[in-house]
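In what follows, every heavy atom counts, from backbone to side chain, and hydrogens, waters and symmetry copies are set aside.
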Amino acid sequence: MSDFLAGLLVAVLPLLGIGFWLGRHTAHPEAPGELGTPVEHATFQTLHTASLAAPPLRAGLTEETARKSARRLRSLLGTDALCLTDDRRVLVWDGVGAHHRAEVLERLAGPLETGRGEAFRLDCDTPDCPVRWAVVAPLTVDDRVHGALVACAPRESAVLVRAAGEVARWVSVQLELADLDDSRTRLIEAEIKALRAQISPHFIFNSLAVIASFVRTDPERARELLLEFADFTRYSFRRHGDFTTLADELHAIDHYLALVRARFGDRLSVTLQIAPEVLPVALPFLCLQPLVENAVKHGLEGKTDKCHIQITAQDAGAEALVVIEDDGAGMDPALLRRILAGEVSPSGGIGLSNVDDRLRQVYGDDHGLVIETAPGAGMKITARLPKYQPGVHTTGRIDHP
């Protein structure tokens, strides 16, 4: 990550240099009522233009993103024309001289293969065509050339060659961020699939066995439990969205606990204290239910007496504080650290490490699970969920009967 940040700084600093150069060459007396020097204004304008070009590129290099960003990039370089290509075709041509598209595409083979920039004269039979030179700067991500930025101008310019190269490096950084976002999304989807695959088959078998036991003795009770089981599995295996609301997650937990209570009866008691204002908070899908399942498993494991689980969700300013606590068997803290580090697999069900990893990926390392436990002392799990986090939002809700 440090290498990536260093690369990001290397890519941004040249933009400041470009802004400084533009300011020096376009300096004019400061207008009354304006603040800052002409150089500062030019630098600000350069950075502002770059910030407007960045969002489309964060979605990758496509015809649509190229079209949305090309004019901003051409403004950065101050050229008569600019085009963006992938490794096969011209995605967009912004400015004059569009009849050079085929010629530019033919000249891309070398730069796309070697990853090195190139400047060349354009052949043109149109007397009043304002572009005569083109500068090709490859766009690379992870040492692989994805396409090229081509700037066209009336004459050869060493300054344009350097500026086009630096802007191409900045575009490459945005494409690398897009790749990271895509990788992160794929990783989250893979982990959700892993969570679904790890839903305890024993829980499913035991739930169906409990339902079957009521079919003859209490058909209405069997029907209610079957609906609880259907709602729980529908939520767990839903196909849309990486995130859900605290309200929906708690609703799924309620279905889960109804099935567990049907099996264990009075041996399990649960207390919920939920602040209504935190119910709309978005959080990673299937984030809390595994923690409750862990509390049930370790709360009842090796015990013949009753187990109590307490679930609280409090408003803590910019965060929602969720605590799941049981008075069960507890765990050796050293073993817990090994489980969270992925060195030891949990014995059945869904592991805490999966949830801890997902929280850290979404919110940062400061928001991993906080777990307090000791043998025979139960377990207390605390999750801090920011009320707002860029990229964390729900795409739909589950309809509840």
Heavy-atom pair of closest approach, residues T126 and R132: O-NH2, 3.0 Å
Between L84 and L73, is any pair of side-chain heavy atoms under 4.5 Å apart? yes
Give a yes or no on whether a salt bridge exists between E64 and K68, defined as a side-chain N under 4.0 angstrom from a carboxylate O. yes
Under the side chain to side chain contact (heavy atoms under 4.5 Å, CB included) criterion, do H255 and F229 qualify, and how do the steps go? CA-CA 7 Å; H255 294 313; F229 181 78; over 6 Å; no
Do you know which two heavy atoms are closest between L225 and A258, and how far apart they sit? CD2-O, 3.9 Å
Any non-hydrogen side-chain atom of V150 less than 4.5 Å from a side-chain atom of V90? no
When you look at H100 and C129, which way does the side chain to side chain contact (heavy atoms under 4.5 Å, CB included) test go after all the steps? CA-CA 10 Å; H100 288 292; C129 180; 3.5 Å; yes
Using modelled atom types only, decide if a donor and an acceptor are shared between the side chain of E249 and the backbone of Q289 within a distance under 3.5 Å. yes
Output the distance between atom CD1 (I253) and atom CG (L246), rounded to the nearest 0.5 Å. 8.0 Å
Scan D86, D87, T85 and name whichever one has a side chain to side chain donor-acceptor pair (under 3.5 Å) with R89. D86
Trace of the side chain to side chain contact (heavy atoms under 4.5 Å, CB included) decision for S269 with F264: CA-CA 10 Å; S269 63; F264 291 101; over 6 Å; no
Salt bridge check: are D315 and K387 linked by an N-O gap of less than 4.0 Å? yes
Going by side-chain contact (heavy atoms from CB on, under 4.5 Å), name the residues that satisfy it together with K380, two or more places apart in sequence or in a different chain. V323, E325, E372, T382
In the structure I gave you, are the side-chain heavy atoms of C287 and L359 within less than 4.5 Å of one another anywhere? yes
Side chain to side chain, C307 and D327, heavy atoms closer than 4.5 Å: yes
Which pairs would a plain distance check flag for residues 104-124, meaning a side-chain donor or acceptor within less than 3.5 Å of a matching protein atom at least two apart in sequence or in another chain?
{"from": "T114", "atom 1": "OG1", "to": "G110", "atom 2": "O", "distance (Å)": "3.0"}
{"from": "T114", "atom 1": "OG1", "to": "R116", "atom 2": "N", "distance (Å)": "3.3"}

When rounded to the nearest 0.5 angstrom, what is the spacing between CG in D231 and CG in L227? 6.5 Å
Can you tell me how far apart CZ (R155) and CH2 (W133) are? Round to the nearest 0.5 Å. 12.0 Å
Of all heavy-atom pairs between D80 and P154, which one has the smallest distance, and what is that distance? OD1-CD, 3.1 Å
Do the non-hydrogen side-chain atoms of L257 and F232 ever get within less than 4.5 Å of each other? no
Are the side chains of N294 and I381 in contact, using a 4.5 Å heavy-atom criterion? yes
Between V322 and T312, is there a side-chain heavy-atom distance shorter than 4.5 Å? no
Donor-acceptor list for residues 211-223 side chains, cut-off 3.5 Å, not counting sequence neighbours:
{"from": "S213", "atom 1": "OG", "to": "V210", "atom 2": "O", "distance (Å)": "2.5"}
{"from": "T217", "atom 1": "OG1", "to": "S213", "atom 2": "O", "distance (Å)": "3.3"}
{"from": "D218", "atom 1": "OD1", "to": "R221", "atom 2": "N", "distance (Å)": "3.2"}

For the residue pair V96 and A81, what are the closest heavy atoms and their distance? O-CB, 3.1 Å
Approximate separation, where rounding is to 0.5 Å, of M379 CE and I324 CD1: 11.5 Å
N/O donor to acceptor pairs below 3.5 angstrom from side-chain atoms of residues 271-286, sequence neighbours left out:
{"from": "T271", "atom 1": "OG1", "to": "H308", "atom 2": "NE2", "distance (Å)": "3.2"}

Correct closest heavy-atom pair for A137 and A168 would be CB-CB, 3.4 Å
Holding to side-chain contact (heavy atoms from CB on, under 4.5 Å), I want the full list of residues that pass it with H367, two or more places apart in sequence or in another chain. E319, Y363, R384, P386
Within the 4.5 Å heavy-atom criterion, are L82 and L77 side-chain neighbours or not? yes
Set of residues satisfying side-chain contact (heavy atoms from CB on, under 4.5 Å) with respect to A334, sequence neighbours excluded: D332, R337
What are the two closest non-hydrogen atoms of T373 and G330, and how far apart are they? OG1-CA, 3.5 Å
Atom CG of D128 with >12 non-hydrogen neighbours under 6.0 angstrom: yes
Just checking R71: does its CZ atom have more than 12 heavy atoms from other residues, nucleotides or ligands closer to it than 6.0 angstrom? no
Polar side-chain atom of S172 near backbone of T140 as donor-acceptor pair, under 3.5 Å: yes
Measure the CZ-OG distance between R74 and S69 for me, rounded to the nearest 0.5 Å. 12.5 Å
Take L369 and L291, measure what side chain to side chain contact (heavy atoms under 4.5 Å, CB included) needs, and give me the verdict at the end. CA-CA 10 Å; L369 295 176; L291 305 183; 3.9 Å; yes
Approximate separation, where rounding is to 0.5 Å, of W170 CH2 and L175 CG: 9.5 Å
Just by distance, with hydrogens left out, do H99 and R101 show a side-chain donor and acceptor under 3.5 Å apart? no
